[in-house]
Every structure is written in C-alpha cells, then in structure tokens.
Amino acid sequence: MADAVRTGARAPATDRFTMARLLRAREAGVFIALLVLCLFLSFATDGFLTSLNLLNVGRQISLLGIMAVGMTFVLIAGEVDLSVGSTYAFSGLATGMLIIAGWTLLPAIGVGLLTGVAIGLINGVLSTYGRLPSLIATLGMLSIVRGAALILTNGQPVTVNARNGALPEVLPTFSFIGQGYLFTIIPMQLVFFVIVAVLAWIVLSFSNFGFRVYAVGGSAKAARVSGISVNKVKISAFILMGVLAALAGILGLAFLPSSQAGRTGLGLELDVIAATIVGGASLSGGEGTILGTILGVLIIGVMRNGLVLLGVSPFVQELMIGLVIIIAVGIDKWSTRRTG
Amino acid sequence: MADAVRTGARAPATDRFTMARLLRAREAGVFIALLVLCLFLSFATDGFLTSLNLLNVGRQISLLGIMAVGMTFVLIAGEVDLSVGSTYAFSGLATGMLIIAGWTLLPAIGVGLLTGVAIGLINGVLSTYGRLPSLIATLGMLSIVRGAALILTNGQPVTVNARNGALPEVLPTFSFIGQGYLFTIIPMQLVFFVIVAVLAWIVLSFSNFGFRVYAVGGSAKAARVSGISVNKVKISAFILMGVLAALAGILGLAFLPSSQAGRTGLGLELDVIAATIVGGASLSGGEGTILGTILGVLIIGVMRNGLVLLGVSPFVQELMIGLVIIIAVGIDKWSTRRTG
Amino acid sequence: ESKLADFTLAPRIKAKIDAGQPLDIYVSYHDVSNEFAPFMKAGVERAAKEDKVGAQFIGPVGADADGQISEIETLMGKMDGLAISSVSTDALAPVIDRVIAAGIPVVTFNTDNPESKRLAFAGQDLVQSGREAGKLMAKVLGGKGKVMITTIDAAAQWSLDREKGAREALKAESGIEVVSTLNTGTDPQKIYAAIENAMLANPSISGVLSLECCSTPAAGTWVERNKAADKVKVVGFDLLDQTVQLVQDGNVNATIDQAPEKQGFAAVDLIVQFLKGQPINNVDTGVGIYTKENIAEVAKK
Amino acid sequence: MTEQQTPIVEISGLTKRFPGVLALDRISVGFRAGEVHAVIGENGAGKSTLMNILAGDLQPDGGEIRIDGSRATIASPLASRAAGITVVYQELALCPTLTIAENIMMSDMAARSSLSFVPRDQMRREARAALTRLGMGALDPDTKVSRLSVAEMQLVEIAGAIRQRARVLVLDEPNSALSKRESERLFEIVRQLRGEDVTVIYVSHHLKEVLDLADRITVMRDGRTIETIDNDGVSEDRLIRAMVGRDLDTAAQWSLQPEARSDEAAIVLSVDKLTAPGLDRLSFHARAGEILGIGGLPDSGKDMLGEALFGLCQRSGRVTIDGKELRAADPQASIRNGMALVPADRRGAGALLSMSVANNVVSASLPRFSMAGFMRRGAVRREARAQVARLDARISHLGQKLATLSGGNQQKIILGRSLVTNPRVLVLHEPTRGVDVGAKAEIYAILRGIAGEGVAVVMISSEIPELIMNAERVLVLRNGGISGELTGAGINEEAILARAMAS
Ligand SMILES: Nc1ncnc2c1ncn2[C@@H]1O[C@H](COP(=O)(O)OP(=O)(O)OP(=O)(O)O)[C@@H](O)[C@H]1O
Ligand SMILES: Nc1ncnc2c1ncn2[C@@H]1O[C@H](COP(=O)(O)OP(=O)(O)OP(=O)(O)O)[C@@H](O)[C@H]1O
Ligand SMILES: [Mg+2]
Ligand SMILES: [Mg+2]
C-alpha cells in the first residue's frame, strides 16, 4: 500500500494532498536529508539559523533553482539539456550589450529572453525532428552558443554601467531586479525563483501541458496513441528551459553587473542536472516534481553554505558535496525495499 | 534491406568482414564526415597532410582516445561515468607524488592504476548493488575524487623532476613513456592508444566478456535470466574505465610532467562522452564499437588540428567544434530512412 | 646571456630573413577568452604594424595546458618566432625547449617561464607585483589586521608567483595575519558567492587582497553592498571598468596595473629585435599603482 | 500418464506479497516428471508470480520448495538453471540489440568463462538447429531481434529454452502471439519433451489447448491453488467454474452469431488504396454499428493495419470517417475526427504505465476535461470512476499506477480511454491478448454494446474464434491485400484459414 502511494505521488498529483502522503512521497528521502543537515548546522554553527543567512542562502540558490526548474521539465520529458550554462552566459551578455548600447530595459530583456527561446527551439528541433540524442544535440549547442558569446563580445567583459553607455533611467531598475530587496529584506532573485517555481508547479501538476510532459516522458509511443504530439511537447520543454536559463543569465548579470563570455556559467550544466536529479527526476523520463527539485537545490545550497560556516577547507567542501549528492539520493533508494 | 545490414553491423562483428559491409555500417556516417574533413584540410592547408602533423594529431588524441575506449564499454553496458576527469587527475597525481617521494617507476605506476581500479569499483558498486543511477553515483564521485586530489596535494602542483625528489634513474623512462617516440617517430602516447584500442577491440568483439557487456546493456533482464551476473559485468566495465582513465592520467603527467588537482582534467568527462557518442555508442546501452569510438575521437582531433592550421580564431573554433559534433552524428541519422 | 649564446636559428628562418620575406610571429596567451586578451592582442597588432611582421595571437579558450601545447605543436612548422605566456611553468617548459631546439626563438611575456630555455621575458615581475600589493595592503590597514587572499585560480603560475610576493610582504608586518587563500573559481557569480560566504564565515577579516582582475571587483562590490568600506580594505589588480569605478568610490583602496597592451607589444618586439640580430634583454613593463588619488587619469580614457 | 510418484518439484505453503497485493497465498502444488502440467486462472491469479519464483527471478516471502524431495532455495536465475529449470517468460526476456543466435545461446555463454572467446560459427549452427526444430529454419540467425515480430520473438525465446534440455520447462503463455500453425508445432514439441521425461509447466488462457495438451491442470484463483485435476474427460465449463468460482453466464452468449443488422447503416469508415509498410492498396469500409473482423497470418499485413489507419506510421491512400479525410501520420487528427485505437502492444504503445488509472482514462481527451489549459480534476475523477465501473475493472484506487494492474485490467483501462473519446470508429488490435476468459467475455459484451450505439468497430485479431464469435463480417488479409470477405454464416475457421493461407 505504502508503495502504491509512494510511486503514485511521482506522477502528477491526482490524489488528494495530505501531509502524511507527502512525507511518504519520493521527495521524503531528500527532505529528511535536508532536515538533518539543517538541524546539524543549527547546532554546529551560530551563523546558520539567522534570517540574514537563510535569505542569503535563498539568494545564492535562486539562479541555480530557476534553471533547475526548467531542467525538471526537460528531464521529465525524457530529454536532457547540456547547453544551459552557455545559454545563461549568452542571454545575459546579449541583454547587457543592448543596455549599454542605449536600449531601454524591457526591449533589452525581451531580446535576451528571446535568445533563450531560440536556443531552446534549436535544441528541441534537433532532438526531435533532427533525431539526434538530446545529449549530443545540446552538447554541440554548448560549444556553439559559448563560441557565439565569445564572438559577440570579442571575449571582453560586459559591464552594465552609465560610463559604458547604459541609460541612466535604466540602471536603477536593472540593479533592483538583480540586487534589490523586496520589502528591504527578501532578495529579488529569490522572489523571481519563488515566482518561477510556483508557476512551474501549477503548470506541471495541474495543466494539460504538464500532463503531456509526464506522458511523453513516461512512454512516447503511448503518448502518441493518446493523440499527444510528442515532438511539440518536447520542443516546448526545451524552450521553457531556454527561457529560464536566459532569465537566470539576465538576473545574474543584473546582480554583478558584469559578465564574461569565457567564464560565466562554465560547467553550470552539471550543477543544474545534479540538483534536479537529487530532487528525484530521472534521466529516463516520466519522473520528477517541482517540489523535489526545490529540495534538491536547497540541499546543495545549504550544504555549500554550511561547509563555509563550519570553516571546512574548500578542498574538503568539494569532497563533501559529492558525498551529499550520493547520500541524498541513496537515502531514498536504500530506505525502500527492493522492488525488482 | 539496406537498413537491416546497417543495424546488424552495429552489434559485435557477427557478420563476415567485408569492405562493402564496413562502409554501410553504423560508423559510415562518421567515417564519411572524417574523410570529407581530411580531404578539405589537405587542400585548404599545406601543413595538414604531412606525416609529422598526422603523428602530432595522433599524439593529441591519444589520451582522449584511451579514455573513450573505456567509456565505450561503460556506455554499451548501459551506464555512464562522469568521474573520468577526476580519476585522470587523481591517478596521475598519485603516481607523480610517489615518484617524487622516491619510489621506482613500476610500483608508482602500479599504485596509480590501482587508484583507477578502486574508483571504478566504487562507481560500479554504487551503480549496481547501491541502486543509484550511474549518472548520480559518478557525478558524486566526480566531486569526491577531485576533492580527494586537492586534499592529497594540498592544491599544489605536482611536478616530476629530480629537484622534487624523483630518482634520477626513474626520470628518463618516465619521460619516455609520456614524451618519447618509438623508432624516433611514433609518439609513445599513440603507441599506448593503439595497444589499448586493439586489445579492447579483441575483448569487445570476440571475447565472452565483450558479449556479456553487449547483452547486459541491450537488456539487463534478458542477461540476468540467462544467468549472466549483470552487476559483475557492469562493475567490470566501470573498473576498466577507471584503469584506462588512470592510465591516461599517468601518461598525461609523464608528458607534461606537471599536474594540478584544481585544474587537470576538468570537464574532460564531456569530451570523452562526446567522442564516444559521435562514434556511435548510445546512452541507452547495447550499442557501440571500438572502431566507431576511434573514428569519433579522430574526427574531434582532426577538427581541432585543422582549425588551428587554418588559423581560425579560437572563438570560432569553439563554435565549429559544436557544429561538427552535431553534423557528424547527424549525417548518420539523416542519411538513413526514417525507421520509426 | 648564455641562453642566447646557445641558440642557433633554424636555417629556414635565416633564409627568410635573408630573402627579406615577411616573418610570422606567434603569440600564445594562456587564455584568449579572459579580459586581458584583447589588450594584449592590441599590443601585438600594434607591434606587427610598427615592426612590419605578421603576428598571430593564439591560445586556448579557458586556461588549459594541453590545449596550449597542442596548438604550439601544430603550428611549430609555421612559426618564425614564439612569444608565450604559460598556463603552467612546469608543463610548458618542455615544449618551449623543443621549440627552441627547433631553432625558433622563444620569449615569454606576462607570465615568465624561467625554468625553460626561453631567450627573454617581457612583463611584470609577478613576485614583485605581489610584493607591491602586499605592501599596499599593509599600508591601508595601518599595519594590523586579518587578511584574506583571493584568487580565481590558485594553481596558475601567475597566481602562485603573486601570492608568494604578497605573503612575503605581509609576513614582514608583525600586526598582520594572513587568514587564508580563497580559491574562488572563475565564474563571476561563484567568485562573488565565495567571497560573500567567506566574509560571513569569518567576520574578523579586515583586508582582502585579490591577486587578479576578477575577484578584485567582486570584493569591492561586496564592500560596497555591505557598506563595509570602513571595516574592510581591498587591494587588488588591474583596471577593469568596474574596478576603476570602485576605486573612485572608495570601495577598493588600491589596484595594481600591469599594462597588458605594453606586454603584448613587447612580446613581438623582442623577437623582431632578436631576429634582426640586436641584443635583447628582459623588459619590465612596470607596476602601476592606482588609488583614489590618481585613478582619475585612467577614468578619463 | 505417470502414476502417483514423488513430484520433481513440490511447492507447499508458498507466499508472495507485493506492496498492496498478496500475489500468492500459501499455495501448494506438485509437478511430476514427464507430465504436462497446465496452470490456469484469471488475470492476476498469481500464475506468472509462481513461475517467476521457480525461475529464481522473485523470492518468496514464505513457504517451501522441494526439488527431488529436498528443500531448495532458488536464489537466482542461475540457481534455477542449475536445478534444471528453464523458463519462457510471459514478458519476453530477449535482448533486442543482439542477434537471434546470440539470444538463443546467451545462457550457454553465461555458463562459460568470461575469458573465453565467442564461438560464432558454433553459435550460428546451434541456433539454426534450434530454430529448425520449431519449423523456423528459414530465419537467419544473424538477424537482430529488434527487427523481429512479436511472434518471431516468442519463437526465438522458445527455441532458446527448448535446446537447453531442461528437466523442468516452464512456458508462461508461450503462444499468445503465435499463429495456429506455429502453436501446433509447439504442442508437438511439448508432447515430444514429455516423452523424454521432461516436466512441462504450461500457463495459458486457452482452455481448449490446455485440455488437448495437459495431463493435469492446476487452477489458481486470487493467489490460491483451488485444485489440481487429472485431465480425463474434464469439460471447459468445469474449468471455468473452478477459475471464476461461479458459473459464467456470459459464456452462453459466445456461441451467438450476431444478427446481421447493420447492412443498411451508413458507411462510417472508408478506406481507399491504403498503402503502408506491409499493406498494399487496401480498400474497404465499415458501417455504423458493425463489428468488422480482420484476420490473417502474422505476415499478412494485419499487424500494421491498426497503426496505419490511426496515422502512427507513414501511409498513402485515403482514410475517411463520415466523408472527412484523415490526415496521414497525424494521430491527433484521427482522434478529433472520431477514430480511437487500442493497440496490440499493451505495455509499449498502449498504456501510460507510469501514470494513474484516472490519467490514463482521460489521456486521449484532455481538452474535454480541462478549462483554459488546466485539468478539471473533479471531472477527470468522475469520468474515470464511471469508466472503471462500466468496464468492471479491478483497481484499488483511481490514483493507482497502471503498471501495477494485471494485464486484463490494463486492457480494460485502455479500452476505457478509447471510449472516452466518443469514437465513431473504434480500431482494436488483439483486444483480448493475454486476457482471461471472464474478462474476455466482458470485453466482448462491451464491444457489442458500443457497436449497438452506432460505432463502427474494427477488430483486428489473430484469434479466429474471437472473429467468429463477434464479427458480422470478416476481411481476411494476405500479402498486404484482401484475400477474402466472409459474412454471416460463412464465417468459420476453415474459410478464414483457407483464405489466409491460399497461395
Ligand atoms: N512486481 C509486482 N509488483 C506489484 N504487484 C505485482 C507485481 N507482480 C505481480 N503483481 C501482482 O500480483 C498479482 C499476481 O500477478 P501475476 O502476474 O502472477 O498474475 P497472472 O496470474 O500471471 O496474471 P495474467 O494472467 O494476467 O498473466 C497481481 O495482482 C499483480 O498485480
Ligand atoms: N513494476 C510493477 N509493479 C507492480 N506490478 C507489476 C509490475 N510489473 C508487473 N506487474 C504486474 O505483473 C503482472 C503481470 O501481468 P501481465 O502484465 O503480464 O498481464 P498480462 O495480461 O498477462 O500481460 P500480457 O499481455 O503480456 O499477456 C501484472 O499484474 C502487473 O500488474
Ligand atoms: Mg501472467
Ligand atoms: Mg496474461
């Protein structure tokens, strides 16, 4: 019985929502790992359980979280996107260059997001109609987009400030979305993450599109018999991923406010995929939830923060992050009986 | 009908070996891409078609190639190993530290290779008995092994020379295996690659172990009910991968002869996987050949070499590499009729 | 020097010089995608124009020893001279020696490789510039405090050299303690987050000494956002837009310039002089120190 | 027939529990040397679970297994094999990326040292011999299994099992995809093996077959062994009563020929020169309220017809419903215009196995159950509940994953999904494959009900009795074309076979 519910909860929540059910859900393993980690850190450090630090963690995980939400859709649809780090860099740089070319904010951000759409579209078309494995298509795009960003900027850093040509009226708003605080306390990046996560949760759990994403990833063939256009659904998931990577890139630029094509977002794809898979999504498709992904992102963020607060050497940190990834996923696998 | 032969040839060489069949094989797409590339470069540059340059390319692809051979086994067995870049660094550093601690060559290399065995064993056990997806297990190990390498070396570069304590009688041999030339012309690294590739080809195509790797990756269930120990076969593939990554790491150190835990082999995993998949292996297991992998490695190596000879800007090179990956795999997919 | 005396020029190049054919100089920078590459490249191009030679600016995208070596190997047959800034001294030394052995003159720039048989070096003395940074740090701290050193690549040769110099200078001050060296990684977001976390973990830090271009503005930005200019002093390197602004606003207390354009120029120029048969010597491109007082000179440009 | 003797495999009090299901409840049964022992029971009765335990693929939670009188634990497939047991699984266990020969010889290879070389020629030879024994000598042993039809795969699996000279051969629904001729060949071999003192355990839903073949029959119901009967003059009705636990009143209906009553009805589906892989310019039509049967041998093209009509594969020619032409290769358009498909490959193409019952029921009609792009949960649950009730599907709750239903119940849910789309034309491919007698009867009744509502039902089936029982008109396919059309009393086994095999 427990198992039926457990597996049931992995699919969109048809069942009524109860706390007990939630705790037996797929996410439970990760949730417990997170809880243990937080408890431990509250006792072991005095800096962890302060609202300032927690909000800080919230900000630091936001960009990763926004991208992990996109990756959740792609993984559930049975694909993978390795190009997200490059998209993150490219879209941020594109927006930045437009702003310092004197554009106003909305058009500049709009174009930045559109570059994300375009990259997602290419990824999607190559992986569906192009019949390439998405791993290969997006690995190729990883290089292509990074190369394009280098060519576009000639390898120079792009810094958004008035001296470089940004309109003075644009700067305060741009800074606000990246660096500002809502009600002077909640980091704007976190606000964006929360909005994205809530919207994605609604879409994935309750909308037809969400349903189709699960169906397509669970069995593409069966989805086709149900009249679902597999390719369109997959392409949409890639586009969503592209837009969210672009959004993260733009917010990242607004935060610093400087970016560099040769360095920004390098290797980010593995971080994003790790967080998503720790949260319960599977590379074989059909599985994953937004709640799980948020937990996955949190566990990695809290871990990083905690290790720093504990004064652990960065080398040991590197090692611990790997251990935690394995243990967090392991808790779930090892705590349930073998079911074949 | 043509298709029957095409797909048939993807499996271990059951068919008799004829040139015609070879050319219709899965590798044909990549082979044609490689041929076109070489022809183009012979005309477009004067440096490409010289034996010196070709041997140079041979050296430059050797370490990638040795690792890609290992990855071929892992992918055919239906798994993936992201930790190879870290293993490459760790094993090289371990050997290097032992040499400058005054060890003689064989024990130092032996221990270096054993670290590869150990990492492969852990990867394998986590991915089989540990029931973790290998993507997660090896992603965790990527961090853990990298962290361990940093701790081991305290983040300092390790340089093998007499001043640091290497025995004078050890150095010439160590340099020879990394930097030397057989018959004063063939780079030793290439010699190692050729030996590894030939042995791997024999094992994969003709031995019972190779057969089991294909069987396990094609259908774990079918293999299990036939009495094949799926876990042992997978663990063996991971160990083989670990040893080959370690071998590459040791040869890499012998070539340079300096290595650094924070940098060596960073991101190498994606290069290795890309080369292997360009060569026809598939992430879903059961498919791939050593010949294909060699072609995949060659195409990437020739491409890199050619772009440098052509004087293409490094940024454009980055972009072109991505394009070639997509096109090389695409040629195969797009040139065959849609088979559903 | 003896190195110069040992060197024999390849007949191929000699013939070219004698025939008055244009020479091809290759300048291999250790990361063509970093922020200095364009300045170096500008210097290289200026030298090519003034000295009337062909000059190619090459190197890997992202610091990568294997990539740098492979590229040099591939182009060895084409080059009449090589100027190189090494990702890693130990890794690149054998290649430099091989190029030298092939009769192709090699000089180093930006990051020296003294272990190798290179003919000369053009650039900042990195240990010296580190020392200067350390001294500046000591000065702005008034001789006492806890200092954190930050670098985007603790393992790179230039970083090791500067760190060595900085630590030497800081050690000389009894009131100053170096708490740690923070390796931030190269992604801008991660650099900032690393500094943010480290400052949180160790609130007693009163000085941040950044060894390069990119953690300098990150540290300054942190100070600016936390309004900590009184408590935390920042000394760093280079004159990125952001850094200039931060110095003007008092969030970065001092920065050291390394004149990248000059380095690129000198790299090519040294080889050209050598091939012309003129004697060559190391070129020190100098240590430019900028604080709030003199930053205006740069800001106007 | 063997007299009372100690069984070679004796099972007592065996229990197996799955999360939420007691699949085997203290069952006891003995299998003797040299007998054909049939195991029958409704879907989900526990037959496959028992066989999987014998295969070493599942471990029981309690009870004991004795082999040759001494207690044994079958810890792994290897142990099972060592004990002389060979199993042909219901869910085929073949490796699609390997060749026929490699699959047939896989367990031989497993027994050899992994350092040995693969004896390709010997493998090919022995595989060909094994195939020839099953009358499949024409199959090239170097063909990849992924290119075979389901029937061929089943034969390859059987060939692999038979050549191992097991003491106990377990066949779990071995012929569910085989043609009559292939099945008969299999039965011949089974009888031969019995003569060689091999124990054959035979699981099937085909009671006629069972009565023809078996020496003894064990009936299972709800995870329990009800009884073991000697097969001497037992009637089908007797078996059904034991399986279902009551008299099956619907059984009577089966023999009824549907009265021809749709002759005058409007033509709903019309197909003109349909050409697709395996199909060659096929033209036919179906009327409202008609059950149109399609029969033929496995390579006749009938297996592609469903997919081609529905637009799952490339096709040329015209397919129209109520005069509206369906776009090729566009399943969505097919559904929109009133066609629904129940595919043969239930696990692969049919069910969304990882999704819930409720979601499966509405998956082909999302727009109807949503508002502004969001699903109306209440409506979904209401519809799902209604379908489950209408089809009498046995589920534990609407959120249950489809993968955890037994085959017959999965089939009902897939049928429900088609019905929810309110089809004008319902195309079914092997609608009762692997479904037990009781559920079969229910499904037939449902289909007739649907036809009665004016839907054109196209039933593609390799089970001739199914066609005879239900179809008003039968088209027989051969070589991608129609080789005969039978109606009313003209529909009988001889006529269908004659047209299917005529050369
Ligand atoms: N792996 C499993 N997990 C959960 N339940 C299972 C599993 N395997 C079987 N069951 C359940 O055990 C019961 C018996 O299944 P089994 O496959 O033995 O039935 P069967 O008699 O072979 O049915 P069929 O005629 O449909 O093949 C069913 O209720 C089924 O749902
Ligand atoms: N992972 C699983 N979890 C729960 N139950 C499972 C699982 N895998 C298989 N089962 C159950 O195992 C039993 C096997 O039944 P199966 O699907 O074979 O039915 P069937 O109608 O006989 O199939 P077929 O069409 O192959 O004849 C089913 O009851 C199915 O629900
Ligand atoms: Mg069964
Ligand atoms: Mg069945």
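Because the structure is a prediction, the values reported are computed rather than measured.
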Shortest non-hydrogen contact from [X] to [Y]?
{"X": "D:P331", "Y": "A:R224", "value": "CB-O, 3.4 Å"}
{"X": "D:P367", "Y": "A:R212", "value": "CD-NH2, 4.5 Å"}
{"X": "A:A223", "Y": "D:L352", "value": "N-CD2, 4.0 Å"}
{"X": "A:G227", "Y": "D:Q332", "value": "O-CG, 2.6 Å"}
{"X": "D:L366", "Y": "A:F211", "value": "CD1-CD2, 3.5 Å"}
{"X": "A:G218", "Y": "D:S354", "value": "CA-OG, 3.8 Å"}

Under the salt bridge (charged side-chain N to carboxylate O under 4.0 Å, His left out) test, residues paired with D:R385 that sit two or more places apart = none
task = Measure the CG-OG distance between D:L341 and A:S226 for me, rounded to the nearest 0.5 Å.
result = 10.0 Å
inquiry  = Measuring from atom CG of A:N208 to atom CZ of D:R376, what distance do you get when rounded to the nearest 0.5 angstrom?
reply    = 10.5 Å
request  = Could you tell me which portion of D:L312 (side chain, backbone, both or neither) has an atom closer than 4.5 angstrom to a non-hydrogen atom of chain A?
outcome  = both
key: D:N359 side chain near A:Y214 side chain, heavy-atom distance below 4.5 Å   = no
